[in-house]
Amino acid sequence: MSTYNFDYLDELEAEAIHILREVAGQFEKPALLFSGGKDSITLVRLAEKAFRPGKFPFPLVHIDTGHNFEETITYRDKMIERIGEKLIVGSVQESIDQGKVVEQKGKNASRNTLQTVTLLDTIAKYEFDACIGGARRDEEKARAKERIFSVRDEFGQWDPKRQRPELWNIYNGKIHKGENVRVFPISNWTELDVWNYIRREKIDLPSIYFAHERDCITRNGQLMAASPFLNMDDEDIVINKTVRFRTVGDMSCTAAVESEATLIDDIISEISASKISERGARMDDKVSEAAMEDRKKGGYF
């Protein structure tokens with residue numbers, strides 16, 4: 001009798017599908033947070049495997065800063081049309097217009113941190129009791145502390161000292177009214193795991209993940225895409241570079257890396273040799289040593 005051997009991607013996939021089905025079984029109104037980045041795109045593929053041929057038991061939610069890469073928004077809209085699922089968009093611009101948040105000033109101003117209020121308002125408006133996201137433990141030390149089912153209090157805050165044990169793949173989704181759970185099905189994946197899975201599954205990605213020519217400026221030692229969303233002055237010299245992006249976020253806080261990698265195999269080789277994590281290209285993580293943890297305590301995803 002022949003035996004079937006799982007490779008490590010099969011094991012990671014099976015774990016993620018199990019977690020997604022646990023969310024569908026334990027929560028009344030879950031949602032999948034979608035940024036247009038490779039991790040949330042991977043989550044969509046996993047959700048297809050978990051729930052097709054039926055519909056997803058949750059909508060996709062995008063918190064739109066208004067300062068996104070155009071390629072990401074184009075990809076999002078085409079993907080939603082292809083999969084036929086519901087998309088809910090929370091607008092940071094609306095939060096600004098309503099006076100709920102104040103836009104930052106200065107040369108390094110970004111809307112990234114403003115997403116927290118818009119996210120919490122969107123959760124409250126639609127009464128989501130669980131939000132699925134693509135965060136991974138290898139990305140950043142605060143994320144390495146977090147459980148797969150991460151409980152947030154009625155204010156959306158995360159307390160790293162009040163986390164539940166997760167033994168034998170048993171996840172406790174019991175919460176009190178007003179509380180919320182953030183769920184991370186690919187917590188145990190690495191950046192290379194994600195790229196190897198994308199290669200295996202032949203997943204299409206936004207073009208900015210691959211090497212392309214782009215006008216950039218150098219800011220705080222990082223290559224930033226020149227755009228109207230950056231507060232540029234006479235000191236900022238625009239230069240054309242061949243770059244790609246390892247992570248996708250707000251244009252005002254996401255740096256590019258010089259690269260000639262136009263194929264997934266090239267990207268995998270490049271990442272394998274890199275000594276800098278992908279979050280090293282996120283300016284918002286450099287505000288302080290505990291920048292990410294402070295944002296998570298305030299309700300950030």
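This chain uses plain numbering: 1 for the first residue, then up along the sequence. Every heavy atom of this structure was used, including side-chain atoms; hydrogens, water molecules and symmetry mates were not. What you see is a predicted model, and the numbers here were worked out from it, not measured in a lab.
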Go through the steps to decide whether V92 and D250 satisfy the test side-chain contact (heavy atoms from CB on, under 4.5 Å), and finish with yes or no.
CA-CA 11 Å; V92 171; D250 192 296; over 6 Å; no
Pair D266, S269 - check side-chain hydrogen bond (donor to acceptor under 3.5 Å, both in side chains), show working.
CA-CA 5 Å; D266 299 332; S269 297; 5.8 Å; no
Take I80 and F34 through the side-chain contact (heavy atoms from CB on, under 4.5 Å) test and state the conclusion after the steps.
CA-CA 11 Å; I80 291 298; F34 184 81; 6.0 Å; no
Stepwise, does the side-chain contact (heavy atoms from CB on, under 4.5 Å) test hold for I132 with L33?
CA-CA 6 Å; I132 304 162; L33 297 191; over 6 Å; no
Step by step, would you call D153 with D159 a side-chain contact (heavy atoms from CB on, under 4.5 Å)?
CA-CA 8 Å; D153 65 20; D159 184 349; over 6 Å; no
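Y209 contributes atom OH, which lies 9.5 Å from atom CD1 of I267 (distance to the nearest 0.5 angstrom). One finds the CZ atom of R152 at 12.5 Å from the CD1 atom of I175 (value rounded to the nearest 0.5 Å). The CD atom of Q163 lies 5.0 Å from the CZ atom of R147; values are rounded to the nearest 0.5 Å. Note that CG of N231 and CD of Q104 are 10.0 Å apart. Values are rounded to the nearest 0.5 Å. The structure places CG of D129 at 7.0 Å from CG of N180, a figure rounded to the nearest 0.5 Å. I268 contributes atom CD1, which lies 10.0 Å from atom CD of E191 (distance to the nearest 0.5 angstrom).
The heavy-atom pair separating L20 from F51 by the smallest distance is O-CZ, 3.6 Å. Taking all atoms of both residues into account, the shortest heavy-atom contact from L12 to N188 is CD2-O, 4.1 Å. Listed here is the closest heavy atom pair of E179 and H176: OE1-N, 2.8 Å. Summarising the geometry of I264 relative to F210, their closest heavy-atom pair is CG1-CE2, 3.8 Å, with the distance given to 0.1 Å. Nearest approach of I17 to L46, heavy atoms of both residues: CG1-O, 4.0 Å. The shortest non-hydrogen separation linking G134 to L43 is N-CD1, 3.5 Å.
If you look at F149 and F27, their ring centroids are closer than 6.0 Å.
Between the side chain of H62 and the backbone N or O of G90 there is no donor-acceptor pair closer than 3.5 Å. At least one donor-acceptor pair under 3.5 Å links the side chain of D10 to the backbone N or O of D7. A donor-acceptor pair under 3.5 Å is absent between the side-chain atoms of S187 and the main chain of I148, judged by distance alone. Under a 3.5 Å cut-off, the side chain of Q26 and the backbone N or O of Y171 do form a donor-acceptor pair. Formation of a donor-acceptor pair under 3.5 Å by the D39 side chain with backbone atoms of A135 is not found in this model. Checked by atom type and distance alone, the side chain of S40 pairs as donor or acceptor with a backbone atom of S35 at under 3.5 Å. In terms of modelled atom types and a separation under 3.5 Å, the side chain of N169 and the main chain of E15 share no donor-acceptor contact. Side-chain atoms of R45 come within 3.5 Å of backbone N or O of E201 as a donor-acceptor pair. The backbone N or O of N112 lies less than 3.5 Å from a partner atom in the side chain of Q115, making a donor-acceptor pair. Side-chain atoms of S274 do not come within 3.5 Å of backbone N or O of E270 as any donor-acceptor pair.
You'll find the side chain of R219 reaches within 4.5 Å of the side chain of M232, heavy atoms only. Between I83 and F56, some side-chain heavy-atom pair lies under the 4.5 Å cut-off. At least one side-chain heavy atom of I208 sits under 4.5 Å from a side-chain heavy atom of R214. Side-chain contact check for R76 versus L87: some heavy-atom pair is nearer than 4.5 Å.
If you chain together hydrophobic residues whose side chains sit under 4.5 Å apart, V117 and V61 fall into the same group. If you chain together hydrophobic residues whose side chains sit under 4.5 Å apart, V243 and F69 never meet in one group. Taking hydrophobic clusters as Ile, Leu, Val, Met, Phe, Trp and Tyr residues chained together by side-chain heavy-atom distances below 4.5 Å, Y75 does not share a cluster with I73. The same ILVMFWY cluster, assembled from side-chain heavy atoms under 4.5 Å apart, contains both L192 and I203. Both L32 and M79 are part of a single hydrophobic cluster, where members link through side-chain heavy atoms under 4.5 Å apart.
A salt bridge does not link R182 with E146: none of the charged nitrogens is closer than 4.0 Å to a carboxylate oxygen. No salt bridge links E94 with K125; every basic N to acidic carboxylate O contact stays at or beyond 4.0 Å. We find that K78 and E71 are not joined by a salt bridge, their nearest charged nitrogen and carboxylate oxygen being 4.0 Å or further apart. The pair K241-E258 meets the salt-bridge criterion, with a side-chain N (NZ, NE, NH1 or NH2) lying under 4.0 Å from an Asp/Glu carboxylate O. R111 has a carboxylate O that lies under 4.0 Å from a charged side-chain N of E103, or vice versa, which qualifies the two as a salt bridge.
F229 and H67 have parallel rings, their planes meeting at less than 30° on a 0 to 90° scale where 60° marks the start of perpendicular. A parallel orientation is assigned to the rings of Y126 and F128, their planes being inclined by less than 30° (bins at 30° and 60°).
Here D233 pairs with K107 under the salt bridge (charged side-chain N to carboxylate O under 4.0 Å, His left out) rule; sequence neighbours left out.
Residue P206 is tested with T74, V248, I41 for a side-chain contact (heavy atoms from CB on, under 4.5 Å); the sole match is I41.
At most 12 non-hydrogen atoms from other residues, nucleotides or ligands lie less than 6.0 angstrom from NZ of K86.
Sorted by first and then second residue, the salt bridge (charged side-chain N to carboxylate O under 4.0 Å, His left out) pairs involving residues 24-38 (not counting sequence neighbours) are K29-E127, K38-E278.
With 3.5 Å as the limit, one finds no donor-acceptor pair spanning the side chains of D121 and T118.
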